[in-house]
Amino acid sequence: MLTRRIAQLLAGLSLFGFSIAVLIKAGLGISPWDIFHQGLARLTGISTGMVIVAISFLVLLLWIPLKMRPGWGTLANAVLIGAFVDLSMPLIPQASGLLWQLVYLAGGLVLLAVASASYLGASFGPGARDGLMTGLAQRTGWSIRNCRTLIEITVAAAGWLLGGTLGIGTIAEAFLIGPLIQWLMPLFSVPSSRQELSSPTIGSRTRQPGSTTTTSNS
């Protein structure tokens, strides 16, 4: 079971990085955090992937006052997604024409949902940005929805001012990724060792794996 979880985590994070690159190449708008990453990359001249890695560790510093602890998946998320964005960008041609842009957008969103369900289902901990959202909600008493909205509006506005791409892809991701991940999670949820130990073993032939409800963010 552990082998599957590790493989699923690594596959999910690598596919997550690839899907971000596809959405960037679509040119129709990307997620709020990726608008921020892209804007910083254009401002500094650093690659988008390296910016993603750097921002991930900076966000993890914000976990300290929120008394959050990263899991192995959190640390892998911080390093691998950005690395795979940079590896994927040269391999994917820029979408040419509206039809190909829409194909890239649709394909990128589906891949992003699969990637998110895969790494979240491995149960190794949330990404740095999702942890910031849930930690802020726990410490302030605000709803997760309000915390997410506040954070994402802030980073999207900052990224757009820095030159990041905001468009219909941003809106499509906001409305579609959550439902897609929720639909896919039962296919990818793997019980952790702790969940296995707490599962009933007497008088039952099957175990129901726990599901993760935190939505993914790069």
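Basis for what follows: all heavy atoms, side chains included, without hydrogens, waters or symmetry-related copies. Not measured: the values here are computed from a predicted model.
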Can you tell me if CH2 on W63 sees more than 12 non-hydrogen neighbours from other groups inside 6.0 Å? yes
What pair of heavy atoms forms the shortest contact from P65 to R139, and how long is it? O-NE, 4.0 Å
Taking every heavy atom of G169 against every heavy atom of L105, the minimum-distance pair comes out as CA-CD1, 3.7 Å
Roughly how far, to the nearest 0.5 Å, is the CG atom of L112 from the OG atom of S19? 4.0 Å
What pairs with L91 under side chain to side chain contact (heavy atoms under 4.5 Å, CB included), at least two apart in sequence or on another chain? none
Please tabulate, for side-chain N and O atoms in residues 21-30, each donor-acceptor pair with protein atoms closer than 3.5 Å (sequence neighbours left out).
| residue | atom | partner | partner atom | Å |
| --- | --- | --- | --- | --- |
| K25 | NZ | M89 | O | 3.4 |
| K25 | NZ | I92 | O | 3.3 |

Between I177 and A113, the two heavy atoms sitting closest are CD1-N, 4.1 Å
Taken to the nearest 0.5 Å, the spacing of Q101 CD from Q94 CD works out to 7.5 Å
Is there a path of hydrophobic side-chain contacts, each under 4.5 Å between heavy atoms of I/L/V/M/F/W/Y residues, joining I20 to I171? no
Measure the CD1-CZ distance between I151 and F36 for me, rounded to the nearest 0.5 Å. 12.0 Å
Pairing residues for F84 by the side chain to side chain contact (heavy atoms under 4.5 Å, CB included) criterion, not counting sequence neighbours: S14, L80, L87
Shared hydrophobic cluster for L166 and L43 (ILVMFWY, side-chain gaps under 4.5 Å): yes
Without swapping roles, check the side chain of R129 against the backbone of V59 for a donor-acceptor pair under 3.5 Å. no
Indicate yes or no for a side-chain donor-acceptor contact from S88 to the backbone of V85 under 3.5 Å, with no hydrogens or angles considered. no
Could you tell me the separation between the OG1 atom of T134 and the CE atom of M68, rounded to the nearest 0.5 Å? 4.0 Å
Smallest heavy-atom separation, G127 atom then Y119 atom, equals N-OH, 3.8 Å
With R42, which residues qualify under side chain to side chain donor-acceptor pair (under 3.5 Å), at least two apart? none
Step by step, work out the side-chain contact (heavy atoms from CB on, under 4.5 Å) result for Q138 and K67. CA-CA 10 Å; Q138 291 170 5; K67 298 182 180 180; over 6 Å; no
Report the residues that fulfil side chain to side chain contact (heavy atoms under 4.5 Å, CB included) with L75, sequence neighbours left out, ordered by chain and then residue number. L60, P70, W72
Quick one, L150 with N146, criterion side-chain contact (heavy atoms from CB on, under 4.5 Å). Give me CA distance, side-chain angles, the key distance, then yes/no. CA-CA 6 Å; L150 175 64; N146 288 341; over 6 Å; no
Heavy atoms of F188 and R4 approach each other most closely as O-NH2, 4.0 Å
Please find the pair of heavy atoms, one from F124 and one from L9, that lie closest to each other, and give the distance. CD1-CD2, 3.8 Å
Can you get from V51 to L161 by hopping between Ile, Leu, Val, Met, Phe, Trp and Tyr side chains that sit under 4.5 Å apart? yes
Side chain to side chain contact (heavy atoms under 4.5 Å, CB included) partners for R145, two or more places apart: S143, T149
Would a hydrophobic clustering, with Ile, Leu, Val, Met, Phe, Trp and Tyr connected at side-chain separations under 4.5 Å, put Y104 with F18? yes
Working to the nearest 0.5 angstrom, can you tell me the gap between I52 CD1 and Q38 CD? 10.0 Å
Hey, does the side chain of T74 reach the backbone of P126 with a donor-acceptor pair shorter than 3.5 angstrom? yes
May I ask whether L187 and L111 are part of the same hydrophobic cluster, defined by side-chain heavy atoms of I, L, V, M, F, W, Y residues being less than 4.5 angstrom apart, directly or through others? yes
When rounded to the nearest 0.5 angstrom, what is the spacing between OG in S118 and CD1 in I181? 11.5 Å
Apply side-chain contact (heavy atoms from CB on, under 4.5 Å) to the pair L40 and H37, showing each step before the final yes or no. CA-CA 5 Å; L40 278 178; H37 300 146; 5.8 Å; no
